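What you are looking at is a predicted structure, and each value in this text was computed from that prediction instead of being measured.
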Amino acid sequence: MSFNTSDNPLIFNPQISQKDGGLKRSHHSSGNLRRSISVEQQEMPRVFDTLSNVSDSFLEGEDNIFDELPNEQLKNEVIDDGAKLPSTYVRIVSKQMVGIYISVWVRKKLRRHINNLKVSPVGVGLMGFMGNKGSVSVSMSLFQSRMCFVCSHLSSGQKEGADQRRNSDVYEIIRRTCFSSVFDTDQPLTIPSHDQIFWFGDLNYRLNMEDADVRKLIALKRWDELVSNDQLNKELRSGHVFEGWKEGVINFPPTYKYEINSDRYFGENIKEGEKKRSPAWCDRILWLGKGIRQLSYERAEIKLSDHRPVSSVFMVEVEVLDHWKLQRALNCTSVAVHPEIFLDEDEDLDY
């Protein structure tokens, strides 16, 4: 779904299901967008052709379409004779701010159900406004549910107080992100006003541990002990930032910082004058809202960057209005009810 072009690709794979209840109908759809950057480094599709392109309408053309690759976990649609049909995805919006890039793709059959598409970039970098750090957020409605996707790159650094700068970045992004419109006054204007929100990217939170201890626990694959010292995990528990947000269980090694085209963490053979950076889970995916179920949370072994990309698959319930049931309810025949008059046996009527 999106990635930070300055550091690492980050793959995000939503699935959609619709809630059935009241004047609702059920509709199921599942998807996998891993074709955008394949774990096996297959041929890249023409996805990132216009990095600065933003549109409030749907983007057309061959460069904005790709077919889903077969996947072991998420099967393609099956027709009656058992043959598989690949799902076609179309790009509806993309936006870049310096090294932050977000691109939203949907199954072609869902495209007509997406409305109120808006984009809001916020820079929190140099002087508090430059785009080297910050976020690009997309707001849209799918059927009757309001969704928001936030791709961010927060302040870096491992020194004391750096985590508070990252917290401050989050508050600024939430405060300054606005999807205003004079015509759509009933649509969400801020990030928290959406029904379902997904926040992802290079959040840059580090581990509060000595470098030697971090590397030792990584070698032993003791992820729980590392996570307990993770800055973002502590913030999620304390509610200082991202209050109410959720993250899946981390069962993979820290994603930062690697030597390029290598499985070695940076700093194992540090050279004179180089900064020593301890490994950390800088790349994260969080969510907030009802009707969201995470199906997977993992990283890919792509070695093109000093980060390892992370991906997640979700099942999401959305509200769908059943127009047929609504029309039937509105067309119900009105019935007049007259009160009955009951007389006592000894009571006479006056004529």
Side-chain angles (χ1 to χ4, degrees), residues 2-4 7-8 10-13 124 133 135 148-174 191-192 196-258 265-267 276-290 292-300 306-314:
S2 71
F3 63 90
N4 187 319
D7 293 310
N8 67 299
L10 182 143
I11 310 165
F12 178 74
N13 309 309
V124 297
K133 296 291 189 293
S135 68
C148 184
F149 303 96
V150 184
C151 181
S152 69
H153 188 190
L154 306 183
S155 295
S156 60
Q158 199 166 348
K159 295 181 180 179
E160 185 177 355
D163 55 334
Q164 297 306 312
R165 290 201 304 273
R166 289 184 273 275
N167 291 351
S168 178
D169 290 347
V170 173
Y171 285 124
E172 279 295 293
I173 289 170
I174 293 175
I191 292 174
Q196 287 121 353
I197 314 165
F198 300 89
W199 192 310
F200 43 92
D202 183 359
L203 306 191
N204 252 323
Y205 286 93
R206 307 304 171 93
L207 294 169
N208 291 331
M209 298 180 68
E210 293 294 329
D211 179 75
D213 295 332
V214 170
R215 296 176 190 271
K216 179 179 179 181
L217 291 176
I218 290 174
L220 297 173
K221 297 184 178 181
R222 289 159 65 171
W223 313 134
D224 289 345
E225 291 185 49
L226 287 169
V227 169
S228 64
N229 289 278
D230 175 74
Q231 292 176 348
L232 179 56
N233 183 57
K234 290 185 176 181
E235 296 296 340
L236 289 170
R237 292 201 314 262
S238 65
H240 292 158
V241 70
F242 289 118
E243 183 177 2
W245 290 71
K246 297 179 181 179
E247 183 184 27
V249 177
I250 296 177
N251 285 318
F252 49 83
T255 58
Y256 175 84
K257 174 179 182 170
Y258 281 91
Y265 283 106
F266 184 87
K276 189 170 186 178
R277 294 181 175 91
S278 295
W281 284 289
C282 290
D283 313 283
R284 314 291 275 269
I285 301 174
L286 311 177
W287 74 90
L288 178 67
K290 296 181 180 180
I292 303 173
R293 182 163 63 93
Q294 189 179 55
L295 304 182
S296 70
Y297 191 23
E298 56 193 22
R299 75 174 213 171
D306 56 357
H307 290 248
R308 291 291 188 268
V310 295
S311 67
S312 186
V313 180
F314 295 90

Those residues that, when tested against Phe242, pass ring pair (Phe, Tyr, Trp, His ring centres under 6.0 Å) (two or more places apart): Trp199, Trp245
Ring pair (Phe, Tyr, Trp, His ring centres under 6.0 Å) partners for Tyr205, two or more places apart: none
Can you see which heavy atom on [X] is nearest to which on [Y], and at what distance?
X      : Y      : answer
Ser228 : Asn233 : CA-ND2, 4.2 Å
Ser152 : Leu203 : OG-CD2, 3.2 Å
Ile197 : Pro192 : CD1-CA, 4.0 Å
Thr255 : Cys282 : OG1-N, 3.5 Å
Gly248 : Gln294 : CA-OE1, 2.9 Å
Arg308 : Ala300 : CD-O, 3.6 Å

If we only count heavy atoms from C-beta on, is the [X] to [Y] side-chain gap below 4.5 Å?
X      : Y      : value
Pro309 : Asp283 : no
Asp306 : Phe266 : no
Val150 : Ile174 : no
Asn229 : Asp213 : no

Partners passing salt bridge (Lys or Arg N to Asp or Glu O under 4.0 Å) against Arg277 (at least two apart in sequence or in another chain): none
Listed partners of Arg166 passing salt bridge (Lys or Arg N to Asp or Glu O under 4.0 Å), at least two apart: none
With [X], which residues qualify under side chain to side chain donor-acceptor pair (under 3.5 Å), at least two apart?
X      : result
Ser135 : none
Asp163 : none
Tyr258 : Tyr265, Arg299
Asn251 : none

Mind checking the [atom1]-[atom2] spacing from [X] to [Y]? Nearest 0.5 Å is all I need.
X      : Y      : atom1 : atom2 : result
Phe200 : Leu286 : CZ    : CG    : 10.5 Å
Leu295 : Phe314 : CG    : CZ    : 8.5 Å
Leu207 : Leu217 : CG    : CG    : 9.5 Å
Ser312 : Trp287 : OG    : CH2   : 6.5 Å
Lys133 : Ser156 : NZ    : OG    : 4.5 Å

Centroid separation Phe252 to Tyr297 less than 6.0 Å: yes
Evaluation steps, side chain to side chain contact (heavy atoms under 4.5 Å, CB included), between Trp281 and Val310: CA-CA 10 Å; Trp281 284 289; Val310 295; over 6 Å; no
Qualifying salt bridge (Lys or Arg N to Asp or Glu O under 4.0 Å) pairs, either residue in residues 233-248, two or more places apart: Glu247-Arg284
Flag, side chain of Gln196 to backbone of Leu288, donor-acceptor distance under 3.5 Å: no
Show me, pair by pair, the donor-acceptor contacts under 3.5 angstrom made by side chains of residues 220-227, not counting sequence neighbours?
unit_1, atom_1, unit_2, atom_2, d
Arg222, NE, Glu225, OE2, 2.6
Arg222, NH2, Glu225, OE1, 3.3
Arg222, NH2, Glu225, OE2, 2.5

Asp211 and Arg215: CA distance, side-chain angles, deciding distance, salt bridge (Lys or Arg N to Asp or Glu O under 4.0 Å) verdict: CA-CA 6 Å; Asp211 179 75; Arg215 296 176 190 271; 2.8 Å; yes
Test item: side-chain donor near acceptor, Asn204 and Arg206, under 3.5 Å: yes
